[in-house]
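Right, one structure below, let's go through it.
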Amino acid sequence: MVTKSQLEAEVAELRRQLAEQSGNSASKDDKQADPDKSVSDGIVETLDEWSTQLEEVMTELEEFPHKRPILFALGIFTVGYLLGRSR
């Protein structure tokens, strides 16, 4: 059976190791010092990437009828035909 003093010694050792690891992590990466900030920064970066990708897709969709009008007309005809046949 484990005694109270052995458990306290183990907890102290784990705290020391944790302090060591967090000290090394902080020196390697400053973002780890403030996890809330790093999470919010990650969310903002992800939203910025999605926004950029959405803008690119919208630009392509706006330019498509001008670049390939015959293909656009065939696509519109096909969608209309399928919608008409679905009922």
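What you see is a predicted model; the values in this text were computed from it and never measured. Only this structure's heavy atoms are used, side chains among them; waters, hydrogens and symmetry mates stay out.
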Requested in this report: Quick one: list whatever passes side chain to side chain contact (heavy atoms under 4.5 Å, CB included) with Q53, sequence neighbours left out.
Outcome: W50

Report task. Any chance you could pull the hydrophobic cluster mates of V11, using side-chain heavy atoms under 4.5 angstrom and chaining through other members? Result -> none

Please tabulate, for the side chains in residues 54-75, all donor-acceptor contacts under 3.5 angstrom to protein atoms that are two or more places apart in sequence or on a different chain.
residue: T59; atom: OG1; partner: E55; partner atom: O; Å: 2.8
residue: E63; atom: OE1; partner: K67; partner atom: NZ; Å: 3.4

Query raised in the report: Judged by atom type as modelled, is there a donor-acceptor pair below 3.5 Å linking the side chain of S51 to the main-chain atoms of L47?
Result: no

Report task. Taking salt bridge (Lys or Arg N to Asp or Glu O under 4.0 Å) as the test, write out the residues that go with R15, two or more places apart. Result -> none

Report summary line: Students should find that the hydrophobic cluster of L83, defined by side-chain heavy atoms under 4.5 Å apart, otherwise consists of V79

Query raised in the report: S5: what forms a side-chain hydrogen bond (donor to acceptor under 3.5 Å, both in side chains) with it, not counting sequence neighbours?
Result: T3

Query raised in the report: With sequence neighbours left out, what residues match Q17 under side chain to side chain contact (heavy atoms under 4.5 Å, CB included)?
Result: E13, L14

Report task. Tell me, please, which residues at least two apart from T78 pass side chain to side chain contact (heavy atoms under 4.5 Å, CB included). Result -> L82

